Amino acid sequence: MSDRLRLGIAGLGTVGIGVVRIVQQHAALIAARAGRRIEITAVSARDRTRNRDADLSAYAWETDPVALARRDDVDLVIEVMGGSEGAARATTEAALAAGKDVVSANKALLALHGQALAEAAEAAGRVIRFEAAVAGGIPVIKALTEGLAGNEIRRVMGVMNGTCNYILTRMQSAGLPYETVFEEARQLGYLEADPNLDVGGIDAGHKLALLAAIAFGTRVDFGAVELQGIGQISIDDIRLAEDMGYRIKLLGVAQMTGRGLEQRMSPCLVPAKSPLGQLEGGTNMVVLEGDSVGQIVMRGAGAGSGPTASAVMADVIDIARGIRIPMFGVPAALLAEATPAKASAPAAYYLRMVLIDKPGALAKVAAALGEAGVSINRMRQYGHDSAEAPVLIVTHKTTRDAIDHAVSRMARTDVVLGDPVALRIEDI
Ligand code: HSE
């Protein structure tokens, strides 16, 4: 092992600059912990003239990140550019081919090409670490691969997109509609360049797929994540869920079942008093369940310069210490091809609908549920001045198929206005 570990940083956005700051501010502390000095030798970004509020004068500059990855004076490449293809993929592959370890914050790249990259890393005798790619500063990958290594993991859950959690909690606290809060989030710079990555659940789905691969020893399979975004959540749903003792969260759940690997990222109701229900603003929370340890709850900043750079540096320091863990916790050849579960595990559901207020309307809805085999647990009809009655039903545990069946039967009655909203109530 050489006395110094020399870093090349590909990408000088908020995360790259966060890494520069940590290396500059904590050089002595990091050297003591890692047992060797860690230095930045080269950086790369497209635009050299941009003011980045950091002193980069001591570092070589490469406009081409692939050239940075191939430099002889770089031992480890930090990829914080983002994007599932193009420069990020080429840089990661070039780094491995040139015999360098890689630390990445790129969830999209790893969720889509993780297996091939894990194989390439092992073939080259290198490692890829990616703590920063999932839930920002929360050390969840370390928890799974190291802290819980003696457990069979039962379930992984989490709120892993801070922007969606900001939108949902702000709708609730300010009583504002989705569109207004979405626009507010845009003004605050919370949204990704393509907002659908956030509100469509894709960004959080990438993170869930990565965690599922580690938790269950399976090949990462983002395509098998059942995805639903938060765009359909109305202020009425938020209010009525609260009235029944729940909060709505964009919740990821991964679990291995007898029917295969279930991976879902969708708006769900969780008990308002639970740790997930209490999660406010742009914060993330990950819940891990192991057979021996029981439930672990981790909460913290899921994005931002400092938190994400903190996770990058944890990986860098591990590598400097000589800790070399396979990308998904076991050698790539041992990762199983999981069969995706065709249907999610049974759950209670929240159903909101508007009925024409006339004799027998409720009986028709109850009949539609009964015919689909869905049993009602709780029900409320809210006060109203017009002939349109808002009705809320919480079912006993049932399948999504049965709920869909009941909803299509309701649509064939002459008493339900518009489409009922059906949201899963997660058992946590
Ligand atoms: N856009 C993400 C979020 C951060 O809001 O949590 C990057 O994954």
Side-chain angles (χ1 to χ4, degrees), residues 10-19 78-85 88 103-114 129-141 156-171 178 181-213 220 222 225 227-231 233 248-252 254 265-268 276 279-287 298-312 314-315:
L12 291 173
T14 53
V15 181
I17 292 299
V19 172
I78 296 176
E79 194 275 283
V80 282
M81 292 179 291
S84 62
E85 308 295 335
V103 171
S104 174
N106 190 334
K107 60 229 89 181
L109 173 73
L110 304 180
L112 295 178
H113 305 296
R129 303 300 305 148
F130 57 98
E131 186 69 77
V134 181
I138 302 178
V140 57
I141 292 179
V156 174
M157 290 188 286
V159 168
M160 292 182 278
N161 184 276
T163 305
C164 287
N165 204 54
Y166 168 81
I167 291 175
L168 293 171
T169 52
R170 173 95 177 122
M171 282 170 75
Y178 175 83
V181 179
F182 177 91
E183 202 38 51
E184 219 177 71
R186 188 202 294 282
Q187 303 281 335
L188 289 165
Y190 289 177
L191 286 158
E192 300 278 342
D194 172 4
N196 196 42
L197 288 175
D198 287 317
V199 297
I202 299 164
D203 166 83
H206 288 148
K207 295 167 184 167
L208 183 73
L210 291 168
L211 289 187
V220 60
F222 171 67
V225 179
L227 277 185
Q228 195 190 334
I230 61 165
I233 302 299
I248 300 177
K249 298 286 168 193
L250 178 68
L251 186 69
M265 182 58 67
S266 57
C268 291
L276 281 164
L279 190 69
E280 299 284 334
T283 314
N284 281 197
M285 182 173 281
V286 185
V287 179
M298 304 173 88
R299 175 185 181 284
S305 179
T308 314
S310 157
V312 167
D315 284 339

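All values derive from a computational prediction rather than experimental measurement. In each ligand, atom 1 is the first atom listed, and ligand 1 is the first ligand listed. Sequence positions, counted from 1, serve as the residue numbers for this chain.
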Colleague: Nearest 0.5 angstrom please: Ile167 CD1 to Arg186 CZ, how far?
Modeller: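 The distance works out to 10.0 Å.
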Colleague: When rounded to the nearest 0.5 angstrom, what is the spacing between CD1 in Ile233 and CG in Leu250?
Modeller: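 It is 9.0 Å, given to the nearest 0.5 Å.
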Colleague: What residues, two or more places apart in sequence or in another chain, satisfy side chain to side chain donor-acceptor pair (under 3.5 Å) together with Tyr190?
Modeller: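 Applying side chain to side chain donor-acceptor pair (under 3.5 Å) to Tyr190 gives none.
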Colleague: Which residues pass the side chain to side chain donor-acceptor pair (under 3.5 Å) test with Glu192, sequence neighbours left out?
Modeller: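 None.
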Colleague: I need the contact residues for ligand 1: any residue with a non-hydrogen atom closer than 4.0 Å to the ligand, ordered by chain then number.
Modeller: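 Answer by chain and number: Lys107, Asn161, Gly162, Thr163, Glu192, Asp198, Asp203, Lys207, Ala303.
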Colleague: Write down the atom of Phe222, the atom of Leu112, and the distance for their closest heavy-atom approach.
Modeller: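 Looking at all heavy atoms of both residues, the closest pair is CD2-CD2, 3.6 Å.
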Colleague: Apply side-chain contact (heavy atoms from CB on, under 4.5 Å) to Asn284 and list each qualifying residue two or more places apart in sequence or on a separate chain.
Modeller: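 Here the qualifying residues are Ala135, Ile138, Met160.
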